[in-house]
Enquirer: 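Quick one: this structure, given as structure tokens, is what I'll be asking you about.
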Amino acid sequence: MGKCTSIAVIGLGLIGGSILKKLQNTGYNLIGVSRSQKTIDKATEEGLISTGSTDISVIKDADIVFICTPINKTIPILIEVAKIAKKDAIITDVASLKGLIMDFVNTSHDPIRFIGGHPMAGTEQSGIDASFPELFKGAKWVLTPSNWTTEDDIKTLETVINQLEARTVLAEPQQHDKAVALISHMPLFISQSIYSLVKNYPDRDTGELAMQLAASGFRDMTRLAATNPELASDMLIENRTNVLNTVRELVKEASLLEKQLAENEEKFTENCEDIASSRKNMYSPDGRNIYKKIR
Ligand code: NAP
């Protein structure tokens, strides 16, 4: 496709709003579509878009269309976009799960020029007011090419993603969904479990005291439990099989540590040291993932 001058974003929430805020005043013609007129008015007032509507047909001249709606709206919206968009437009999304969407695109009778996407950045907030231009700074952005994707399309999309200050990583959709179950969805589930356990602790007096004393450790361990509930339930339900598999693996890992703690103090202490040193080396002081593949 080559040159991209016009970008449409559908779903102006945390992710869609942050894309627009970063691309604002960079020379693109920016088009916004959202569910409510209030969100469109807000994006227009903030100068984020030159054209905005609740009617999806305004995306018709865009060179790239980002679908940034909740996961379960992505396929229905993609069907609409594929009918309306220019033949050479690149369509992409940001949904946290890729398997179902890519299966749909790859088994479509008509070509859909779609590249799956998932920015590995977010917060527990939602909506356009929570969006900010630096959200993707230094983040990885997974791309899952479809059967219809060309090298040129990947390069064009990569250029925009790099302008968002993110770095692309190509992945297979099914493997992506297993990996995010491990690092994102299972931790969310565990975070919810930890919060519920303490909040509803059977020994009420101890539970109350714990809630009052809880400081940064509990806050960090339960940050994910405050995730936008629509997104949380979408992710956990849609990726249920992978999430449940990783929860089972976690229980096995915890049982090993439990056995060591009960029976082998020396081994347990050694393990504490190994885990702490490996975890310290995984992130830079400013919070970036600096993990290096060793195999
Ligand atoms: P969000 O803040 O709730 O934003 C979703 C936006 O979609 C809302 O602004 C809403 O519009 C709009 N919307 C809902 N239904 C729509 C429809 N039928 N047509 C047009 N717009 C519609 O959610 P988000 O966190 O940005 O998540 C969006 C996507 O990003 C999800 O697929 C999620 O998996 C993915 N993602 C999220 C994170 C994260 O940490 N949050 C990270 C990576 C990827 P109104 O404001 O107009 O009601």
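Just so we're clear, the structure is a prediction, and the values are computed from it rather than from any experiment. As the structure lists them, so they are numbered: ligands from 1, and atoms in each ligand from 1.
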Enquirer: Do the side chains of Lys155 and Glu158 get close enough for a salt bridge, i.e. N-O under 4.0 angstrom?
Expert: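 Not counted as a salt bridge, because no side-chain N and carboxylate O are separated by less than 4.0 Å.
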Enquirer: Would you please name every residue forming a side chain to side chain contact (heavy atoms under 4.5 Å, CB included) with Ser6, sequence neighbours left out?
Expert: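 Expected list: Asn29, Ile31, Ala62, Asp63.
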Enquirer: Can you pull the residues with any heavy atom under 4.0 Å from ligand 1?
Expert: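 These residues qualify: Gly11, Leu12, Gly13, Leu14, Ile15, Ser34, Arg35, Ser36, Thr39, Cys68, Thr69, Pro70, Ile71, Lys73, Ile77, Val94, Ala95, Ser96, His118, Pro119, Ala121, Gly122, Thr123, Ser126, Gly127, Asn228, Leu231.
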Enquirer: Any ion pair linking Lys42 and Glu45 (charged N to carboxylate O, less than 4.0 Å)?
Expert: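 So Glu45 does not pair with Lys42 through a salt bridge.
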Enquirer: If you round to the nearest 0.5 Å, how far is SG of Cys4 from CG of Asp153?
Expert: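 So the CG of Asp153 and the SG of Cys4 are separated by 11.0 Å.
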Enquirer: With sequence neighbours excluded, what pairs up with Lys267 under the salt bridge (charged side-chain N to carboxylate O under 4.0 Å, His left out) test?
Expert: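 For Lys267, the residues satisfying salt bridge (charged side-chain N to carboxylate O under 4.0 Å, His left out) (neighbours in sequence not counted) are Glu270.
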Enquirer: Give every residue pair that meets the salt bridge (charged side-chain N to carboxylate O under 4.0 Å, His left out) criterion with at least one member in residues 172-198, sequence neighbours excluded.
Expert: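 Of all non-adjacent pairs touching residues 172-198, none passes salt bridge (charged side-chain N to carboxylate O under 4.0 Å, His left out).
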